[in-house]
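Below is one structure, written out as structure tokens, with a few remarks after it.
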Amino acid sequence: MPSTLTLLGKEFVPYISAKEIDEKVKALAAQLDKDYDGKKPLFIAILNGSFMFAASLFKELTIEAEISFIKLASYKGTKSTGHVITAIGLDTDITNRHIIILEDIIDTGKTLHSFLPQLHNQHPASLKVAVLLDKPEPRKFDVPVDYICFTIPNKFVLGYGLDFDGFGRNTKDIYELKEEA
Ligand code: IMP
Ligand code: MG
């Protein structure tokens with residue numbers, strides 16, 4: 001069992017185990033195998049946070065599929081800044097393609113709310129969103145979420161790709177910020 005983690009002076013405790021993540025990711029891959037068989041989908045993973053989720057999921061898929069990456073950022077510390085920056089854009093033509101966005105977590109919804117219209121403008125055959133973690137409570141912008149591994153309450157989490165000010169991505173389990181006593 002992993003123990004407490006201290007990062008940049010804050011304490012984090014285990015929240016979702018590597019085993020639970022693995023099970024959900026495998027189940028999602030099986031569902032996507034079914035839903036996208038013969039459609040040659042293009043997965044678009046949003047860096048940085050989704051890199052581990054995207055790698056785990058993609059390894060489990062057995063259908064013919066492509067993956068590409070873009071880099072959007074809207075977070076500073078443990079609070080969303082509300083500004084979305086495209087640091088690395090999309091270099092693939094998505095016209096008439098079946099697109100699945102891979103995101104680590106949806107919080108306010110700002111990131112995808114501002115990015116999805118850019119994709120719709122390029123007329124994909126379909127556009128769906130798959131997330132590792134959905135945090136519906138702090139939602140401020142409407143975002144359609146089609147595939148969800150875990151729905152979580154409004155807490156700050158890290159690990160398995162998710163960071164706190166750039167650090168803490170390198171764990172197999174997901175941790176939550178320990179409540180102040
Ligand atoms: P949104 O635009 O507010 O939906 O925020 C989405 C982005 O904020 C995610 O892609 C994450 O990178 C980051 N984020 C939101 N909540 C958390 C969290 O609890 N831990 C780490 N990063 C988070
Ligand atoms: Mg992210």
Side-chain angles (χ1 to χ4, degrees), residues 2-18 20-21 24-25 28 42-58 67-90 99-121 127-180:
S3 53
T4 302
L5 201 103
T6 305
L7 207 69
L8 308 174
K10 289 196 192 288
E11 237 188 300
F12 293 85
V13 292
Y15 181 47
I16 305 174
S17 72
E20 289 172 274
I21 298 169
K24 290 282 188 188
V25 168
L28 174 58
L42 167 65
F43 288 81
I44 300 177
I46 303 181
L47 297 171
N48 292 325
S50 75
F51 78 98
M52 225 178 260
F53 170 50
S56 304
L57 179 73
F58 208 64
I67 188 163
S68 192
F69 297 84
I70 58 157
K71 183 168 177 174
L72 305 176
S74 78
Y75 235 67
K76 191 121 185 51
T78 58
K79 293 261 160 16
S80 182
T81 62
H83 302 284
V84 181
I85 303 148
T86 303
I88 301 173
L90 189 65
I99 306 299
I100 303 134
I101 302 295
L102 299 179
E103 177 64 308
D104 53 356
I105 185 165
I106 303 192
D107 185 46
T108 65
K110 173 85 184 166
T111 307
L112 286 182
H113 183 81
S114 70
F115 181 63
L116 290 180
Q118 296 178 39
L119 296 183
H120 274 299
N121 284 344
L127 180 55
K128 303 271 181 188
V129 175
V131 296
L132 177 66
L133 304 165
D134 183 23
K135 208 162 41 170
E137 234 173 277
R139 195 80 92 250
K140 288 200 196 99
F141 302 88
D142 204 29
V143 173
V145 192
D146 305 282
Y147 301 94
I148 299 166
C149 290
F150 300 93
T151 300
I152 65 166
N154 191 11
K155 47 174 90 201
F156 189 80
V157 294
L158 64 72
Y160 193 72
L162 291 111
D163 71 305
F164 171 43
D165 264 358
F167 291 89
R169 297 191 197 274
N170 52 315
T171 67
K172 291 176 184 159
D173 307 275
I174 291 175
Y175 291 74
E176 61 172 300
L177 184 62
K178 193 176 172 182
E179 301 292 334
E180 305 283 313

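Order of appearance sets the numbers: ligands from 1, and atoms from 1 within every ligand. Everything numeric here is computed off the predicted structure, so don't read it as measured data.
Summarising the geometry, atom CD1 belonging to Ile44 is positioned 4.5 Å from atom CD1 belonging to Ile99; distances are rounded to the nearest 0.5 Å. For the atom pair Leu72 CG and Ser114 OG, the distance stands at 7.0 Å (nearest 0.5 Å).
Ring pair His113/Phe141 is tilted by interplanar angle, where 30° to 60° counts as tilted.
Between Val145 and Arg139 there is a side-chain heavy-atom pair separated by less than 4.5 Å.
Atoms of ligand 1 lying under 4.0 Å from at least one heavy atom of Glu103, given by number and element, are 10 (O). Against a heavy-atom cut-off of under 4.0 Å, Thr111 is close to the following atoms of ligand 1: 1 (P), 2 (O), 5 (O), 6 (C). Less than 4.0 angstrom separates some heavy atom of Lys155 from each of these atoms of ligand 1: 19 (O). Residue-ligand proximity, Gly109 to ligand 1, at heavy-atom distances under 4.0 Å covers atoms 1 (P), 3 (O), 4 (O).
Proximity of Leu158 to ligand 1 is not established, as no heavy-atom distance is less than 4.0 Å. Using 4.0 Å as the threshold, Lys135 has a heavy atom nearer than that to some atom of ligand 1.
Applying the side-chain contact (heavy atoms from CB on, under 4.5 Å) rule to Phe51 yields the partners Leu47, Arg169; only residues at least two apart in sequence or on another chain are considered. A search for side-chain contact (heavy atoms from CB on, under 4.5 Å) contacts involving Lys155 returns Tyr15, Pro153, Val157, Glu176, not counting sequence neighbours.
Remark: ligand 1 and Phe156 share no N or O pair separated by less than 3.5 Å (distance only, no angle test).
Looking at Leu112 against ligand 1, nothing comes within 4.0 Å, counting heavy atoms.
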